[in-house]
Structure formats: structure tokens, C-alpha cells
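Whatever order the structure lists them in is the order used to number ligands and atoms, beginning at 1.
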Amino acid sequence: MVGQLEQLLGQLDALRVRALEELEPINSSADLEEWDTRYLGRNRGELKSLSSVMPKLTKEERPVVGQRINAVKTALERHLQEKREELKQRELLLALERERIDVTLPGRALPVGKMHPLSRTILEVTEIFARMGFSVVQGLEVEDDYHNFQGLNIPTDHPARDMQDTFWVSPEQILLRTQTSPMQIRTMEQSEPPVRVVVPGKVYRNEDIDATHEAMFHQIEGLLIDEVCTMADLKGCLERFAHEMFGPERRVRFRGSYFPFTEPSAEMDISCGLCDGKGCRSCKYSGWLEILGSGMVHPQVLRNVGYDPKKYRGFAFGMGVERIAMLKYGIGEIRLFSGNDLRFLRQL
Ligand code: FA5
């Protein structure tokens, strides 16, 4: 019996040595779990199998073997725990190594957008007028017949309506504004003189599209009302704008014109920058590009908004933003602005 006991204790010691030897080189969680099951597993673990002889032992032998089993189990569990910790630390270090950021690497550049050339033009124009004391206000793109036409001295049967072919939203009442001029009426309805505003925004006309005409384009309206104001003020103001915008070398000319809401009226042309005034497709071989209509505010328009035309006078102008951008950046085709072609937009 003593020999059997010695053999059992020897087996337990050998199990402990073997288990610890096998534990040493393990370096993955999966292998560790497998080791745990093999030696300490509740059902088929090797320690459990050796413990199964307990019932067959004598009363004296049982505590001796029981103590040895416990000692082996405690030792194996302690080493298992230490190994688990070690693997956890190692995996953490590996993860940190994998995710390490090298702050000396060059950064990845984010694609940065740019202002659209039309937005930039609007900003440049309004800044020039802001320096001359004008405030910038916004109007409505969907307008009524009164503000777009009648208040501006263009009654229903007036031939001037044919100059701006209209997109109607509801027949004869609501429309997409054909010009920014309705903001002349709205501004004067809402404020007392003196008035100095510029109004940038989109306008719509049912037009044939070509290199210089779009059906949706932008205008900037200007309105100045005061007790003293002459055509010379209008010309001075617009010439100054043109020279600040395009440079002093560009030539400017005024041509007599007709608008029902200004009297007298004039259109302003700028010498074509593409051909330097010699004539090209863009300026329709005239050497000039019309950029705005203007004139002294008609007394009837002043009466329409309740201003006394004997006391107040003023001038107004409306310029085409696309035409100005074409002149400024030497672009020969208006449709490029709304084409969304990045190759074009990146060039500017
Ligand atoms: C008007 O729209 C008047 N409201 C301007 C005005 C305001 C006159 C205040 C007097 C007082 P006109 O239709 O000419 O005028 O247009 C003004 C400018 O818009 C033109 O000089 C041109 O630069 C631009 N423009 C006109 N039609 C088009 C179009 N289809 N595409 C691009 N730009 C255009």
C-alpha cells in the first residue's frame, strides 16, 4: 500500500513538473485555454483523473494525497493566472505598437473647396460699393407682378415687358423675378430717404441661351436716393466702380438707352478684355461688352412708393454678374459658370 501511495504522489509531482514545462513556452490565449482544459479541466483534466482514485484510498492516505492534489492545483492555477496576465500585457503592447502614430509622417492634405467665381465676383462688387457707403440687402426670387413690373412703371400692356420674357409661377400674378429692380420698390417702401443699397441675387428670363445669355443669371441692383443727386453722380459712381473692378486701363462708355423706371437711362459698356477692344466672339465682334443698365429714378416710381419727386432724386443701376466675371477673368462662354466642370472652376 505504501508503494502505491508513493507512486500516486510521484505521479502528482510529475504532472506538476510536466504541466509547468508545457506552460512556459505558451504565447497565445488559445493555447493557454487548451492547457487549462488539459490539466485543470473539471471533467477530463489530468488532475481530475488522478483525483478519481481518492475513494479507493485508506482513511490515512486520503489527507496526504488530498493535500498534494491541492498543492499541485494551487501551483498550477497560480502559474496559469500569471501567464494570463503576461499574455494580456503582451497583447496590449502589440496593439499599442500596431496603432502607434508616427507624428513625423507628412499629413494627408484635405481637399479644400474654393469660392465659386460668381460668388467671388458678387463679393468683390459689393465690397467696392460698400466702400462708397452702400449697404448690401437681399431680395426675393419669387416676386409679384406689382414689384417686378407695375411699381416700376411697366403696366400690363407695356411693350417693355417683351424685353424680359417671364417665367410665370401663377398667370399674371406671381413670377420668377426677371431683374433685381423690384428691390428698388421694396427698399423704398420700407425706408425713408436717404437710401443707398446694393442688392445681389439670381434672376430668371425665358431667353435663348448663347455665349453671353443664360436663362438664370445674377444681377446686382444699386439704388441711391437723396435730396441732391445728378446724372454726373451716377456716372462718377459707376466709372469709379469699373476702374476699381477692372483696373484703370479698361475703357468705359455710356450709351443712351431706355428703361421705363429711369429717365434719362444709359447702358454702360466695358472694353472687351479678351480681344482688348479689337472684336471677338465673346463681344460679338464689337470690342465692347454691356455690363449694366442705369439711369435717374423716374418721378413716377418715386410717387409709387410715396416719395415726393420734387424733394428727392436718385439713380439706379442693374449689372449682370456673369458678364462682369467674364470680363474680369477673360472667360468667353457664360455657360461655363453653371456647368459645374471642376476643370474650369479650378483654373480660376
Ligand atoms: C435690367 O435688367 C434693368 N433692371 C437694369 C436697370 C436697373 C436699369 C436699374 C436701370 C436702372 P437689362 O435687361 O439690360 O436691364 O439687364 C441688365 C444687365 O444684366 C445687362 O447689362 C447684362 O449685363 C445682364 N444680362 C441681361 N440679360 C442677360 C442674360 N440673359 N444672361 C446674362 N446676363 C444678362
Side-chain angles (χ1 to χ4, degrees), residues 118 121-122 125 129 134 139 143 147-149 151-154 158 160-167 175-188 195 197-225 229 231 234-235 237-238 241-242 245-246 252-270 272 282-284 286 288-298 300-302 313-328 331-338:
L118 291 181
T121 306
I122 289 174
V125 173
F129 283 102
F134 286 75
E143 263 295 359
H147 289 92
N148 196 83
F149 290 128
L152 288 164
N153 216 15
I154 315 175
H158 198 288
R161 289 204 179 204
D162 298 339
M163 289 156 70
Q164 303 177 1
D165 215 343
T166 310
F167 288 113
L175 47 89
L176 298 184
R177 69 177 172 190
T178 57
Q179 49 187 347
T180 41
S181 301
M183 271 306 281
Q184 289 186 32
I185 305 294
R186 288 191 184 276
T187 308
M188 291 189 282
V195 171
V197 290
V198 280
V199 191
K202 290 193 184 81
V203 300
Y204 304 83
R205 289 185 197 175
N206 194 358
E207 294 230 22
D208 289 337
I209 294 169
D210 61 23
T212 51
H213 291 83
E214 269 280 19
M216 188 278 285
F217 58 100
H218 296 75
Q219 286 189 339
I220 298 177
E221 191 78 9
L223 175 69
L224 182 146
I225 306 284
C229 179
M231 192 77 185
L234 165 66
K235 283 186 75 178
C237 178
L238 291 179
F241 153 73
M245 189 73 192
F246 301 104
V252 173
R253 77 174 184 192
F254 287 87
R255 282 178 291 106
S257 184
Y258 170 75
F259 297 101
F261 38 94
T262 47
E263 181 58 35
S265 304
E267 281 173 320
M268 186 170 96
D269 301 337
I270 305 264
C272 178
S282 180
C283 59
K284 300 217 169 78
S286 69
W288 296 92
L289 242 136
E290 171 205 320
I291 61 159
L292 61 84
S294 65
M296 302 304 292
V297 178
H298 197 290
Q300 185 55 46
V301 173
L302 294 175
R313 299 164 57 82
F315 65 72
F317 55 85
M319 58 181 78
V321 176
E322 280 79 356
R323 301 270 177 92
I324 289 169
M326 287 169 82
L327 279 165
K328 174 111 186 176
I331 298 162
E333 171 59 71
I334 197 170
R335 283 164 285 196
L336 286 169
F337 291 116
S338 50

Mind checking side chain to side chain contact (heavy atoms under 4.5 Å, CB included) for Phe254 and listing every partner two or more places apart, or none if nothing turns up? Lys235, Leu238, Glu239, Val252, Ala266, Met268
Where at least one partner belongs to residues 314-325, residue pairs that pass salt bridge (charged side-chain N to carboxylate O under 4.0 Å, His left out), sequence neighbours excluded: none
Quick one: do the Gln184 and Glu221 side chains pair a donor with an acceptor below 3.5 Å? yes
Pocket residues around ligand 1 (non-hydrogen, under 4.0 Å) come out as Gln164, Gln179, Ser181, Gln184, Arg205, Glu207, Thr212, His213, Glu214, Phe217, Gln219, Glu221, Phe259, Phe261, Thr262, Glu267, Glu290, Ile291, Leu292, Gly293, Ser294, Ala316, Phe317, Gly318, Gly320, Arg323, Ile334
Within the supplied structure, the quantity of interest is the number of heavy atoms (other residues, nucleotides, ligands) at a distance under 6.0 Å from Arg313 CZ; does it exceed 12? no
Can we say Arg186 and Glu143 salt-bridge, meaning some charged N sits less than 4.0 Å from an Asp/Glu carboxylate O? yes
Name all residues meeting the side chain to side chain contact (heavy atoms under 4.5 Å, CB included) criterion together with Arg335; count only those two or more places apart in sequence or in a different chain, and write none if there are none. Ile209, Glu214, Glu333
